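One structure is given here, and the rest of the page talks about it.
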Amino acid sequence: MKYKAIKGTRDILPGETQRWQRLERLFREAFARYGYSEIRLPIFEETALFARGLGDTTDIVEKEMYTFPDKGGNSLTLRPEGTAGVVRAYLEENLGGEGGAVKLWYTGPMFRYERPQKGRFRQFHQIGAELFGVGGPEADAELLQMVHATISALGVPGLSLQINSLGDGACRPDFRQALIEYFRPLAPQLCENCRRRLETNPLRILDCKAEGCRLLRAGAPDGREFLCAPCREHFAAVCGLLDAAAVPYIVNPAMVRGLDYYTRTTFELTSSGLGAQDTVAAGGRYDRLVEEFGGAATPGLGFALGVERLLLLLPPDAVDEAPRPVFLAALGAAARRAVWPWLAELRGRGVAAEWDYEGRSLKSQLRRADRLRARQVVIVGENELAAGVVQLRDMSEKTQREVATADLIETLAPTAYAEGG
RNA sequence: GUGGGUGUAGCUCAAUGGUGGAGCACCUGACUGUGGCUCAGGGGGUUGAGGGUUCAAAUCCCUUCACUCACCCCA
């Protein structure tokens, strides 16, 4: 076999696409209920958009992006996540021009150069949403409630919603400084990564999984105590709203996201049904990102979920079924000629119809009809042609009757297919 | 980038140094034109690739590739 799919990419085959379609439909319907409109964006952007948006020192920007020069010499990057592009479009298209809340959702492939493992691919798919223009805690709570309710409605096992507040421009620097002062004397005992993080992004030390680092942070400053009054109130209000809506959650002060743009509320939705990559959905508030990209100060927040990971948690039969076809079994060349226009007529009326292309034995054709999950089979041979009838067989009820050829189409497609002529 | 595991028929897997098999799937027939059950037969393989040891390698050794899980990181 000469050509193979690139490492970390997969073919999503016909059986699997029905599961994808169901999931996409359920989220499309949920987003409509919550007032989100779909937005479709390019899968590549200027490299600088991501570097600026996600943060220069994040792992994604430092070593995971698919970056390449185009023929004009511009540096482009396949999107590693969705938020940066949505913010770019929000500003470029002036989507906030009318004021008030702007709610957008998207889905599509994302690209990160990582070693593949369970629930992690180089091309993977996200469904996400962004809400611009609302700074109050109601927006945070509503987004969290939407994500939690929609995913738990799918029947996902072992769901856990963890939330935290990272503070804002006013208070996060104090917390950061306190962490540096606490960990600096302990630097020799930190892992290699964390020694580097001490200067670049000390918050990340809090969720390092190395044994040594985990023990050291037992006495580390608690982020909650460093929140300024407005951040503290905001977080308390979010928690109160979640309580009022009966959304279960756990406050996890050690949870730090890997993207620099988050402020205040962050969250992760994990499932015990996955492997090591157990985050199904995650997101948070990013009140400075729009400004960072040159827009007017605009609060924002959003989330994204991993489609492959969520599908890993759903039963194999959670699918949107294709309509079951009518199968036209023709015996002999004359019958095949007779059947051909009926196929077009049925399909034109909105009925799924199939046949056997090779004129094989009736047994073979019935077997194929069965494999295609045909609900009815029309059998036509020389005898039927001569008599002007066909045999109409119901595959599940095992009944068979004769139908006059002239009545066949009306029998199989009784109501004229109104849509689209 | 680092480590572990696995590569044998379309799929799931046997065969631990001595003639590469089974189940499922597929095709044909029993049934000249009626599917799912049964029976019989059939098609299919450079045992991932390359090298080495041996009278003899799917099996042991080396290299390489792929897949996979984990670290890391994240959705």
Side-chain angles (χ1 to χ4, degrees), chain A residues 1 4-10 54 57-65 79-83 107-129 147 151 191-194 196-197 201 204 207-211 213 255-259 266-271 274-284 302-313 327 329-332 335 356 358-374 376-385 390-396 398-400:
Chain A
M1 218 166 310
K4 303 195 323 197
I6 300 299
K7 184 199 286 284
T9 70
R10 314 184 338 172
L54 312 195
T57 63
T58 56
D59 280 4
I60 291 177
V61 171
E62 278 187 337
K63 49 192 192 196
E64 294 176 4
M65 295 204 303
R79 62 183 185 192
E81 58 96 58
T83 301
T107 183
M110 306 293 164
F111 305 85
R112 293 182 199 174
Y113 189 86
E114 300 181 276
R115 280 289 277 273
Q117 68 183 72
K118 185 171 183 168
R120 191 171 78 182
F121 306 95
R122 289 184 173 180
Q123 172 172 336
F124 62 103
H125 297 75
Q126 291 188 334
I127 295 175
V147 173
I151 292 178
C191 72
E192 194 183 331
N193 274 332
C194 286
R196 199 170 48 91
R197 286 169 178 151
N201 196 348
R204 301 303 306 283
D207 68 354
C208 178
K209 286 163 189 98
E211 188 64 29
C213 304
M255 190 186 65
V256 181
R257 313 287 6 279
L259 281 57
T266 59
F267 73 94
E268 258 179 51
L269 194 64
T270 59
S271 167
L274 293 168
Q277 310 298 317
D278 64 354
T279 304
V280 181
F303 88 98
L305 67 86
V307 176
E308 285 87 349
R309 287 185 188 177
L310 191 46
L311 286 171
L312 234 33
L313 295 166
F327 190 93
L331 298 162
D356 185 88
E358 298 165 82
R360 294 181 300 171
S361 71
L362 180 58
K363 181 171 177 173
S364 297
Q365 296 197 45
L366 285 171
R367 218 176 276 179
R368 178 167 144 78
D370 208 37
R371 224 174 303 128
L372 294 169
R373 307 192 64 245
Q376 290 161 313
V377 173
V378 173
I379 301 167
V380 198
E382 286 176 23
N383 300 340
E384 285 80 6
L385 284 180
V390 299
Q391 307 290 337
L392 180 57
R393 187 174 171 82
D394 186 295
M395 292 297 268
S396 45
K398 301 183 186 180
T399 56
Q400 187 166 315

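Convention: sequence-line order gives letters A, B, ...; per-chain numbering from 1. Below, each value reflects all heavy atoms present in this structure, side chains not excepted, and no hydrogens, waters or symmetry copies. These numbers were taken from a predicted model, which means no experiment stands behind them.
Between A/Leu331 atom CG and B/U32 atom P the separation is 13 Å, expressed in whole Å. With rounding to whole Å, A/Arg112 atom CZ is found 17 Å from B/C72 atom P. Atom P of nucleotide B/G36 and atom CG of A/Leu372 are separated by 16 Å, given to the nearest angstrom. What separates CG of A/Asp278 from P of B/A75 is a distance of 12 Å, to the nearest Å. Remark: P of B/A66 and CD1 of A/Ile6 are 10 Å apart, rounded to the nearest angstrom. Between the CD atom of A/Gln117 and the C1' atom of B/C74 there is a distance of 10 Å, given to the nearest Å. The nearest whole Å value for the distance from the CG atom in A/Leu392 to the C1' atom in B/U34 is 14 Å. B/G36 atom P lies 15 Å from atom CD of A/Gln365, rounded to whole Å.
Residues A/Gln117 and A/Gln277 form a side-chain contact, since some pair of their non-hydrogen atoms from C-beta on lies under 4.5 Å apart. Side-chain contact check for A/Asp394 versus A/Gln400: every heavy-atom pair is 4.5 Å or farther apart. Side-chain contact between A/Thr270 and A/Val280 is absent, with no heavy-atom pair separated by less than 4.5 Å. Counting heavy atoms from C-beta on, the side chains of A/Phe111 and A/Phe124 never come closer than 4.5 Å. No side-chain heavy atom of A/Leu269 sits less than 4.5 Å from a side-chain heavy atom of A/Thr279.
Across all strands shown, A/Tyr113 has no heavy atoms under 4.0 Å from either base or sugar-phosphate atoms. A/Arg204 comes within contact range of the sugar-phosphate backbone alone, with a heavy-atom separation under 4.0 Å but no base atom that close. In this structure, A/Glu62 reaches neither bases nor backbone, as no heavy-atom distance under 4.0 Å exists between it and the strands shown. As judged by a 4.0 angstrom heavy-atom cut-off over every strand, A/Leu269 is placed among residues making no nucleic acid contact. Contact annotation for A/Ala369: no contact, since no heavy-atom pair falls under 4.0 Å across all strands. Looking at heavy-atom distances under 4.0 Å, A/Arg309 makes contact with a base. Note on A/Arg120: a base of the nucleic acid sits closer than 4.0 angstrom, heavy atoms only. If you check every strand for non-hydrogen atoms under 4.0 Å, A/Lys63 touches nothing. Using a 4.0 Å heavy-atom criterion, one finds that A/Lys118 contacts the sugar-phosphate atoms exclusively. At a threshold of 4.0 angstrom between heavy atoms, the contacts of A/Gly128 with the nucleic acid are absent. Here A/Met395 lies in heavy-atom contact (under 4.0 Å) with a base.
Distance check on atom C1': B/C72 versus B/U59 gives 36 Å, rounded to whole Å. For the P atom pair drawn from B/U34 and B/G45, the interatomic distance equals 34 Å after rounding to whole Å. Between B/U54 and B/C61, the two C1' atoms lie 12 Å apart (nearest whole Å). Separating the P atom of B/G52 from that of B/G41 is a span of 42 Å, rounded to the nearest Å. The separation of B/A14 from B/U8, taken at their P atoms, amounts to 11 Å, rounded to a whole angstrom. For the C1' atom pair drawn from B/A9 and B/G5, the interatomic distance equals 24 Å after rounding to whole Å. With C1' as the reference atom, B/A56 and B/C13 are 26 Å apart, rounded to whole Å. The same atom, C1', is picked in B/G20 and in B/G1; the two are 40 Å apart, to the nearest Å.
The residue among A/Arg115 and A/Ser364 whose nearest nucleotide of RNA chain B is located toward the 5' end is A/Arg115. Comparing A/Ser361 and A/Glu114 against RNA chain B, the residue whose closest nucleotide sits nearer the 5' end is A/Ser361.
When distances are taken from the side chain of A/Ile379 to each of B/C27, B/U34, B/A75, the shortest belongs to B/U34. Listed candidates were B/C67, B/U34, B/A75. Nearest to the side chain of A/Gln400 is B/U34. When each of B/C72, B/U34, B/A75 is scored by its nearest atom to the side-chain atoms of A/Gln391, the top-ranked nucleotide is B/U34.
Residue A/Lys4 places none of its side-chain N or O atoms closer than 4.0 Å to OP1 or OP2 of B/A66.
Taking a 6.0 Å sphere around CD of A/Glu382, one finds it holds 12 or fewer heavy atoms contributed by other residues, nucleotides or ligands.
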Are there any protein N/O atoms within less than 3.5 Å of an N/O atom in nucleotides 41-50 of chain B, and if so, which ones and at what distance?
none

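Summarising the base pairing, B/U32 is matched to no nucleotide, lacking a Watson-Crick or G-U wobble pair whose two defining distances lie under 3.5 Å. If you check B/G7 for Watson-Crick or wobble pairing at under 3.5 angstrom, you find it paired to B/C65. As the counterpart of B/G17, no nucleotide is assigned, since no Watson-Crick or G-U wobble pattern has both distances under 3.5 Å. Using N1 to N3 plus N6-O4 or O6-N4 for Watson-Crick, or N1-O2 and O6-N3 for G-U wobble, each under 3.5 Å, B/C71 pairs with B/G1.
The side chain to side chain contact (heavy atoms under 4.5 Å, CB included) search around A/Asp356 returns A/Phe327, A/Glu358, A/Arg360, A/Gln365, A/Arg368, not counting sequence neighbours. For A/Arg115, the salt bridge (Lys or Arg N to Asp or Glu O under 4.0 Å) criterion is met by no residue, not counting sequence neighbours.
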*For A/Tyr113 and A/Lys63, run side-chain contact (heavy atoms from CB on, under 4.5 Å): C-alpha distance rounded to whole Å, both residues' side-chain angles, the deciding distance at 0.1 Å, then the answer.*
CA-CA 7 Å; A/Tyr113 189 86; A/Lys63 49 192 192 196; over 6 Å; no
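A salt bridge does not link A/Arg122 with A/Glu114: every distance from a Lys NZ or Arg NE/NH1/NH2 to an Asp or Glu carboxylate oxygen is 4.0 Å or more.
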